[in-house]
Amino acid sequence: MADFEVPELKEHIEIPELQEGAMAHSQPFVSKEQWQQPLGYPGELVENWEQAALDKMGDLLGKYRSFQVFLDACVKCGACTDKCHYFLGTADPKNMPVARQDLLRKVYRRYFTFAGKYFPKLVGAVDLNKEVLDEWYSYFHQCSQCRRCSVFCPYGIDTAEISMAAREILDSVGVGQKYCNEIIHKAQTLGNNLGLPQPALKDTLLDLEEEVEEDIGVPVRYPLDEKGADVLLITPSADFFAEPHIDGLIGYGKVFHQLGISWTMSSFASEAANFGMFIGSYENMQRLALRIRKAALELGVKRIVFGECGHAWRVAYSFLNTLAGPFDFLDPNYPVPQHICEVTWDAIQKGQLKLDPSANDHLNVTFHDSCNVARGSRMGNEPGGQFKIPRAILKSVVNNYHDMPRETICESTFCCGGGGGLLTDDLMELRVKGALPRMEALKHVHDNYGVDHLVAICAICKSQFTKVMPYYGFEMDSILSLHQLVGDALVFDQHE
Amino acid sequence: MSILTVIMTVMFYSASAILLVGLGRKIYTYAKTPAPLKIPTTPAPVTQGGVVLRMASEVVLFNSLFKSNKWIWIFGWMFHMALFVVLARHLRYFTDPVWWWVEIIQPFGRYGAFAMLIGLLGLWARRIFVERIRYISAPSDHLMLALLLGITLTGIGMSFVSHTDIVAVKAFFMGLMRLDFQPFPADPILIAHITMVSLLMMVFPISKLLHAPGVFFSPTRNQVDNPREKRHLSPWAAELPNEPTKSS
Ligand code: SF4
Ligand code: SF4
């Protein structure tokens, strides 16, 4: 099935022996001028790229405290070395978080620190040359920016921050990644990552309404661009047609319907995912975030709710207010933005949703904490709500639930292997190998409790698992949207 | 003044100056560099008080390291806590009369040196024998351990093996503080000890020892998790064009 060796699933996650260069060949397709230029980057490697890269590094050092502190503070204690799923799956030492940081740190030391300027050999500082640049391109596209390393580092060093900075430097000298930059361009011009124009979106949603009504006999609506609705739903564009995402969208609609909430989606801001974060670009991230503000203003909504999407929720929860706020024109009784899980859980607690978990009795499920929800955001008012709320919802809609091993969930969750702008076919080997720790944890609950389905609340996770699960002997449809199960368990009031 | 006294005086003064100025500059840089986005590693505290507790558990208990790796934690924690007591014990060479609590911790400080020793040896063994840690180590990482080990061993030597003239040592350092210069005792172990300590002070602001101030400035650990309630706009970000499409 693959032109690389698929790792074998073990009983427990094992720390591999180092295999230098095991993934040195891995690189995503390079972006072209047509996607670089609109984002504000040169179309190809600029002439004086060494100086340009160093200038950019200096610029970022002055703009981001995280970058400056993280480059200085690492003591090479090694605590993070066995924490990255890409290292565990590939054995390439440069996929150890600290080694990944060092690819950039050795250049930082050479040009920006006393020790590196005068004693480069002693502190492992090196000159910036083409090989180093190529290594950056390869290994900073082997980091899904999942933040698992930052949980375990005594100084909270977050390799995701380093990867974002590295990609921003690469972009600024003209070496961008095609997958991310093409998508950002689409989202900035057409409103979503898939490039779906308004009429196509409209048709899809009308079809969906018909389908759902046929299925359950309830006229659930999936409105687009309806002025005066209370809620603007921002959801990842995969929700509009891909499996199992669309079942999640069907579920949100059912919840809104049952709660009697008037809602709409927007064609102008028809994308929750914000790929600007992946390339470390504040400006591009902000441009995308501002589309949401504009849509909310034009549609005159009172609340903004986000659908199931991991990195999207991080950007929404942690950055939206900063990037596109203040949102003082919205109803102050609700947080801005809200997660669909917060809406659903709130309603369940108030007894506004009648749920019959036996509708899902044919399933035995576990929950995959998406990395950026787990370690870069929150739900509800309490720290850790991002773990409790989705599980609480899930347990109210299924009867068979088992958690995966403790060290692979909640704040220690393993990334699906496709996050952070790596969900592209040109990185298939990396994606399959990076999924290893999650697959091992799944196998554990499969073997011990008969778990047959994985539930997630992230578009990337859903697409990634659909693609990589077959490599490990799981069915491609053993990944489900949380709100599909909610929708299936929902008992509608029969008063119409 | 003997040549030795002159050398030690100049060396200790310069080391102190380099440490203070170097560290001051770094801390100033950290403090003035904006953190434009809220990036606490969640779950994170939702109040400032909670952040103080989180930081305290990191600095005092090495909480994240504990979660991560018990071996590194035990050696690292032992070394740092012992170092702290040993340093406090040394205050008696810089205070007159000696503060009461410094008197009390003297025996702990004396034996604490052995905890430092064990911690350092444990960390070094891991750096040499664990393949992953060996891979990420530069020569400077080994040298740093060698330096700390040298300081610890010479300190233990003076405390337990060949006692040095601590009355004269104290007179020398009190003299440095009062600009009333006193002779430096010509004890080779003491000379080695003070020389290595001075070297450590000098490399502090240009090495990974910056983790000490750095941890307090780490945004993933020191930020409050309240981005929905509070807008967090940095000055450079506030100046960006506020338009969803690129302004040409
Ligand atoms: S855990 Fe932190 S300090 Fe230790 S090696 Fe990794 S990044 Fe460096
Ligand atoms: S952020 Fe995630 S993918 Fe990147 S180095 Fe850390 S653990 Fe690995």
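Chain A is the first sequence line, chain B the second, and so forth, proteins listed ahead of strands; every chain is numbered from 1. These values consider heavy atoms only, across backbone and side chains, with no hydrogens, waters or symmetry-generated copies.
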- Message: I'd like to check A:Asp158 versus A:Arg375 (side-chain heavy atoms, cut-off strictly below 4.5 Å). Are they in contact?
- Response: no
- Does the B:Ser207 side chain pair with the main chain of B:Leu209, one donor and one acceptor, at a distance under 3.5 Å? yes
- Flag side-chain contact, heavy atom, 4.5 Å: A:Gln338 against A:Ile304: no
- With only heavy atoms counted, which part of B:Ile39 is less than 4.5 Å from chain A, the side chain, the backbone, both or neither? both
- The interface call for B:Leu143 against chain A, heavy-atom contacts under 4.5 Å, is side chain
- Message: With a 4.5 angstrom heavy-atom cut-off, is it the side chain or the backbone of B:Arg132 that approaches chain A, or both, or neither?
- Response: both
- Check whether B:Asp225 gets within reach of chain A through its side chain, its backbone, both or neither, counting any heavy atom under 4.5 Å. both
- Message: I'd like to check B:Tyr13 versus B:Val10 (side-chain heavy atoms, cut-off strictly below 4.5 Å). Are they in contact?
- Response: no
- What part of A:Cys74 lies closer than 4.5 angstrom to a heavy atom of chain B: side chain, backbone, both or neither? backbone
- So, the part of B:Phe62 with a heavy atom under 4.5 Å from chain A: the answer is neither
- Whatever's closer than 4.5 Å to a heavy atom in chain B on A:Ala374 counts as backbone
- Relative to chain B, which segment of A:Asp102 carries a heavy atom at a distance below 4.5 Å: side chain, backbone, both, or neither? side chain
- When the 4.5 angstrom heavy-atom criterion is applied to A:Thr189 and chain B, the contacting part is neither
- Item | Side chain, backbone, both or neither of A:Met277 within contact of chain B (heavy atoms, under 4.5 Å) | neither
- Task: Heavy-atom pairs under 4.5 Å with chain A are the metric here; pick the option from B:Lys26, B:Arg221, B:Lys67 that has the most.
- Result: B:Arg221
- Message: Quick check for you: among A:Glu407, A:Lys76, A:Lys63, which has the greatest number of heavy-atom pairs under 4.5 Å with chain B?
- Response: A:Lys63
- Specify which of A:Ala115, A:Gly124, A:Gly325, A:Gly376 makes the most heavy-atom pairs with chain B at under 4.5 Å. A:Gly325
- Assess whether side chain to side chain contact (heavy atoms under 4.5 Å, CB included) is satisfied between A:Gln19 and A:Asp92, documenting all intermediate values. CA-CA 5 Å; A:Gln19 285 175 37; A:Asp92 189 318; over 6 Å; no
- A:Asn372/A:Trp313 under side chain to side chain contact (heavy atoms under 4.5 Å, CB included): CA gap, chis, key distance, verdict: CA-CA 8 Å; A:Asn372 273 246; A:Trp313 180 239; over 6 Å; no
- Task: Select, from A:Lys294, A:Glu17, A:Lys83, A:Glu283, the one with the greatest count of heavy-atom pairs under 4.5 Å involving chain B.
- Result: A:Lys83
- Message: So if I apply the side-chain hydrogen bond (donor to acceptor under 3.5 Å, both in side chains) rule between B:Asn226 and each of B:His232, B:Gln48, B:Lys38, which one comes out positive?
- Response: B:Lys38
- Task: Can you tell which part of B:Arg126 gets under 4.5 Å to a heavy atom of chain A, answering side chain, backbone, both or neither?
- Result: neither
- Using a cut-off of under 4.5 Å on heavy-atom pairs, state which of B:Ala138, B:Ser218, B:Gly76, B:Gly214 scores highest against chain A. B:Ser218
- Query: So which part of A:Tyr282 gets closer than 4.5 Å to some heavy atom of chain B, the side chain, the backbone, both or neither?
  - Reply: side chain
- Based on non-hydrogen pairs under 4.5 Å, which of B:Ser234, B:Pro40, B:Ser137 is most in contact with chain A? B:Pro40
- Item | Between A:Leu61, A:Val69, A:Leu122, the one whose heavy-atom pairs under 4.5 Å with chain B are most numerous | A:Leu122
- Option in A:Glu161, A:Lys106, A:Arg293, A:Lys121 with maximal non-hydrogen atom pairs under 4.5 Å from chain B: A:Glu161
- Query: Hey, does the side chain of B:Ser57 reach the backbone of B:Arg54 with a donor-acceptor pair shorter than 3.5 angstrom?
  - Reply: yes
- Over 60° means perpendicular and under 30° means parallel, so classify the ring planes of A:Phe114 and A:Tyr118, tilted if in between. tilted
- Given a strict heavy-atom distance threshold of 4.5 Å, which part of A:Phe87 is in contact with chain B: side chain, backbone, both, or neither? side chain
- So, A:Arg378 side chain and B:Ala44 main chain: donor-acceptor pair closer than 3.5 Å or not? no
- Query: Which one of B:Asn69, B:Asn63, B:Leu240, B:Val130 has the most heavy-atom pairs closer than 4.5 Å to chain A?
  - Reply: B:Leu240
- Mind checking whether A:Asn321 and A:Val336 have side chains closer than 4.5 Å, heavy atoms only? no
- Note on the structure: Counting heavy-atom pairs under 4.5 Å with chain B, the top scorer among A:Gly385, A:Gly116, A:Ser150 is A:Ser150
- Check each atom of B:Thr41 against the heavy atoms of chain A and say whether the ones under 4.5 Å are side chain, backbone, both or neither. both
- Task: Check each atom of B:Glu58 against the heavy atoms of chain A and say whether the ones under 4.5 Å are side chain, backbone, both or neither.
- Result: side chain
- Query: Heavy-atom distance under 4.5 Å to chain B: side chain of A:Glu382, backbone, both or neither?
  - Reply: neither
- Turns out that what part of A:Tyr317 lies under 4.5 Å from chain B's heavy atoms comes down to both
- Decide yes or no for A:Phe67 and A:Met57: does some side-chain heavy atom of the first lie under 4.5 Å from some side-chain heavy atom of the second? yes
- Item | Under the ring-ring contact (aromatic ring centres under 6.0 Å, His included) test, residues paired with B:Phe108 that sit two or more places apart | none
- Message: Just so I understand: if I count every heavy-atom pair under 4.5 Å between each of B:Val46, B:Asn222, B:Thr29 and chain A, which residue has the most?
- Response: B:Val46
- Query: Side chain, backbone, both or neither: which part of B:Ile133 has a heavy atom under 4.5 Å from chain A?
  - Reply: side chain
- Query: Tell me, side chain or backbone of A:Phe387 under 4.5 Å from chain B's heavy atoms, or both, or neither?
  - Reply: side chain
- Message: Is there a side-chain contact between B:Leu210 and B:Pro213 in this structure, where contact means two heavy atoms from C-beta onward sitting under 4.5 Å apart?
- Response: yes
- For side chain to side chain contact (heavy atoms under 4.5 Å, CB included), just list the numbers for B:Ser16 and B:Met201, CA-CA rounded to whole Å, side-chain angles, deciding distance to a tenth of an Å, and then say yes or no. CA-CA 7 Å; B:Ser16 306; B:Met201 288 161 74; 3.6 Å; yes
- Flag the pair B:Arg228 / A:Pro337 as yes when at least one side-chain heavy-atom distance between them is below 4.5 Å, and no otherwise. yes
- Task: Please flag which part of B:Ala31 lies under 4.5 Å from any non-hydrogen atom of chain A: side chain, backbone, both or neither.
- Result: backbone
- Query: Where does B:Lys230 contact chain A at under 4.5 Å (heavy atoms): side chain, backbone, both or neither?
  - Reply: backbone
- Item | Parallel, tilted or perpendicular: ring planes of B:His80 versus B:His211, cut at 30 and 60 degrees | perpendicular
- Message: Could you tell me if the side chain of A:Asn284 sits less than 4.5 Å from the side chain of A:Leu288, heavy atoms only?
- Response: no
